[in-house]
Number of protein chains: 2
Amino acid sequence: MYSILKHAFNSISPITEDDWLLIEPLLKIKEYPKNDYYLTAGQTEEQIGFIIKGSFKWYYINKKGEEVNFHFFFNNNFVVDYNSFISSVPSSMNIQAMENSTVIHLPKRSKILELYSQSHTLERFGRIIAETVYIEGSLRMQNFLFLNAEERYRNLLKKHPDIFQRVSLANISSYLGIQAPSLSRIRKRISKQ
Amino acid sequence: MYSILKHAFNSISPITEDDWLLIEPLLKIKEYPKNDYYLTAGQTEEQIGFIIKGSFKWYYINKKGEEVNFHFFFNNNFVVDYNSFISSVPSSMNIQAMENSTVIHLPKRSKILELYSQSHTLERFGRIIAETVYIEGSLRMQNFLFLNAEERYRNLLKKHPDIFQRVSLANISSYLGIQAPSLSRIRKRISKQ
DNA sequence: ACCTTTTCTTAACTTAGGTTAAGTGTTTCT
DNA sequence: AGAAACACTTAACCTAAGTTAAGAAAAGGT
């Protein structure tokens with residue numbers, strides 16, 4: 001059951017057998033029925049999760065009370081408010097299951113820092129994760145800065161066509177930073193070409 | 001001369017004397033006259049710099065040939081295309097001096113990775129830097145996602161009023177993700193309140 | 001199969017911000 | 001000081017996207 005996580009680790013950066021043995025006994029599995037919260041605003045993220053089944057949305061509630069999606073998390077990926085996790089500051093966002101989901105919980109931050117101290121290679125692993133997550137965030141930022149709504153839509157369609165099978169257009173429009181009617185307009189415009 | 005860098009390091013995360021002695025002999029100082037490039041599109045970022053005097057802009061040239069500022073770097077801060085630096089991929093952006101500037105160059109990526117291997121505490125230091133940089137990027141992203149142009153302007157005015165003394169409004173408008181006339185409109189609107 | 005609820009699209013109108021170009025200050029250079 | 005270059009503002013017009021509300025389509029529940 002945990003081998004899928006080990007495999008995911010290895011695809012980011014090879015993990016030593018010793019390091020894996022430090023981590024494995026601390027893992028736990030948890031189910032999140034659809035619409036359950038992984039994290040709610042005000043909580044401090046203590047743990048990193050790895051999704052083995054399902055998907056989550058990471059969103060913010062704006063001044064008008066609307067959900068603004070910041071990110072989606074899918075199976076075979078980590079789910080975490082990395083910001084809150086790193087800085088141990090309460091999150092201003094929510095993470096909610098969009099489907100019935102299953103998550104492997106890694107040890108909490110304080111325990112992970114302990115493990116880092118015990119193992120130089122694990123500390124390196126932590127560095128590489130942080131760098132990887134930075135690059136992902138940075139690419140998403142560039143996506144927003146340099147592309148307009150239609151380009152962002154085309155980009156998403158090209159890179160994650162599967163998302164459209166699993167996530168409602170209302171959620172996708174919010175993820176693209178636009179309103180639902182705007183997304184409809186864009187889709188109509190494109191379908192006519 | 002290098003003590004200012006040591007101090008900057010310590011304010012991010014305490015650095016051991018041994019680690020500092022590994023780094024110090026590898027430092028170099030370089031001058032960048034106003035408008036000189038620290039990095040141009042197509043180059044791969046090899047080094048991290050620490051600005052002891054001056055400022056830089058990090059920008060992208062869009063399809064219409066206009067500069068779009070992504071970030072400003074000021075004295076007492078690092079200057080780096082962290083994305084290109086981490087992934088050793090050519091940068092798609094430029095970093096250019098906005099004032100006559102002086103920079104301490106840290107060793108290049110390959111050398112830094114060597115140092116990480118030699119010292120667990122230095123590896124930890126690298127992890128903390130990556131995490132810190134991630135949080136900065138993430139805050140800037142949220143700034144864009146959740147605030148409109150006027151709110152971003154007010155935010156900048158509140159958090160970095162000094163920028164307005166050192167950077168032209170053309171550069172600032174680009175940093176805020178808007179055109180110069182829009183920034184003028186916003187400034188006029190606010191001044192009437 | 002039927003009703004309810006949710007999801008998606010469409011239309012009409014509004015608004016923030018983009019575009020272009022002209023105009024007014026400021027620096028800077030000789 | 002005068003010319004040139006640059007920085008900033010303003011105005012008039014345009015466009016992409018927001019807003020609101022109504023309708024069509026699809027999905028779910030009984």
Side-chain angles (χ1 to χ4, degrees), chain A residues 33-35 55 57 59-69 72 96-100 143-157 161-193, chain B residues 33-35 55 57 59-69 72 96-100 143-157 161-193:
Chain A
K34 183 172 177 176
N35 295 328
S55 58
K57 61 179 173 184
Y59 67 91
Y60 170 86
I61 304 278
N62 70 12
K63 289 147 277 178
K64 297 174 202 146
E66 303 158 340
E67 286 184 12
V68 182
N69 284 152
F72 295 136
Q96 187 180 16
M98 296 191 290
E99 305 170 291
N100 292 328
N143 192 47
F144 256 89
L145 270 183
F146 305 141
L147 304 180
N148 64 23
E150 178 171 336
E151 290 166 328
R152 293 201 296 278
Y153 172 73
R154 286 179 185 274
N155 211 22
L156 185 65
L157 200 57
D162 50 301
I163 286 186
F164 293 84
Q165 263 57 61
R166 301 173 61 180
V167 177
S168 73
L169 289 175
N171 274 326
I172 289 176
S173 67
S174 156
Y175 176 77
L176 291 171
I178 56 179
Q179 297 302 114
S182 288
L183 180 55
S184 269
R185 266 191 293 245
I186 289 170
R187 284 160 62 84
K188 192 179 181 186
R189 204 187 305 151
I190 288 178
S191 70
K192 283 187 178 163
Q193 281 169 5
Chain B
K34 183 174 177 175
N35 295 328
S55 58
K57 61 179 171 184
Y59 66 91
Y60 170 85
I61 304 277
N62 70 11
K63 287 147 277 179
K64 298 174 201 145
E66 303 158 339
E67 286 183 13
V68 182
N69 285 151
F72 296 134
Q96 188 181 15
M98 296 192 290
E99 305 169 293
N100 292 328
N143 193 46
F144 256 90
L145 270 183
F146 306 138
L147 304 181
N148 64 22
E150 179 172 335
E151 290 166 327
R152 293 200 296 277
Y153 172 74
R154 287 180 185 274
N155 210 22
L156 186 64
L157 200 58
D162 49 301
I163 286 186
F164 293 83
Q165 263 57 62
R166 301 174 61 179
V167 177
S168 73
L169 289 175
N171 274 326
I172 288 175
S173 66
S174 156
Y175 176 77
L176 291 171
I178 56 179
Q179 296 302 113
S182 288
L183 180 54
S184 270
R185 264 192 294 243
I186 288 169
R187 284 161 63 83
K188 193 179 181 185
R189 205 186 306 151
I190 288 178
S191 70
K192 282 187 179 164
Q193 284 169 0

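Residue numbers begin at 1 in each chain, while the letters A, B, ... track the order of the sequences.
Here B:Lys34 does not reach the OP1 or OP2 of C:dT28: none of its side-chain N or O atoms lies under 4.0 Å away.
Checking D:dA11, D:dT9, C:dG17 against every side-chain atom of B:Ser182, the shortest atom distance belongs to C:dG17. Distances from the side chain of B:Asn148 to the nucleotides D:dT19, D:dA17, C:dG17 place C:dG17 closest. You'll find that the side chain of A:Ala149 is closest to D:dA17, out of D:dA17, D:dA11, C:dG17. Each of C:dG18, D:dT9, C:dC8 was ranked by its minimum atom distance to the side chain of A:Ser168; first place goes to C:dC8.
The side-chain heavy atoms of B:Lys34 and B:Met98, taken from C-beta on, include no pair separated by under 4.5 Å. Using a 4.5 Å cut-off on side-chain heavy atoms (C-beta onward), B:Leu169 and B:Arg187 make contact.
A residue-by-residue look at B:Ile186 and B:Pro181 shows that B:Ile186 has its nearest nucleotide of DNA chain C further toward the 5' end.
Straight-line distance from the CZ atom of B:Arg189 to the P atom of D:dT10: 13 Å, rounded to whole Å.
Ring-plane geometry between A:Phe164 and A:Tyr153 is classed as perpendicular, the angle between the planes exceeding 60 degrees on a 0 to 90 degree scale with a lower cut at 30.
Within the nucleic acid shown, B:Ser184 comes within 4.0 Å of at least one base atom, counting heavy atoms only. Using a 4.0 Å heavy-atom cutoff across all strands shown, B:Arg185 reaches at least one base atom of the nucleic acid.
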Criterion side-chain hydrogen bond (donor to acceptor under 3.5 Å, both in side chains) on B:Ser174 and B:Glu67, from CA distance to verdict = CA-CA 7 Å; B:Ser174 156; B:Glu67 286 183 13; over 6 Å; no
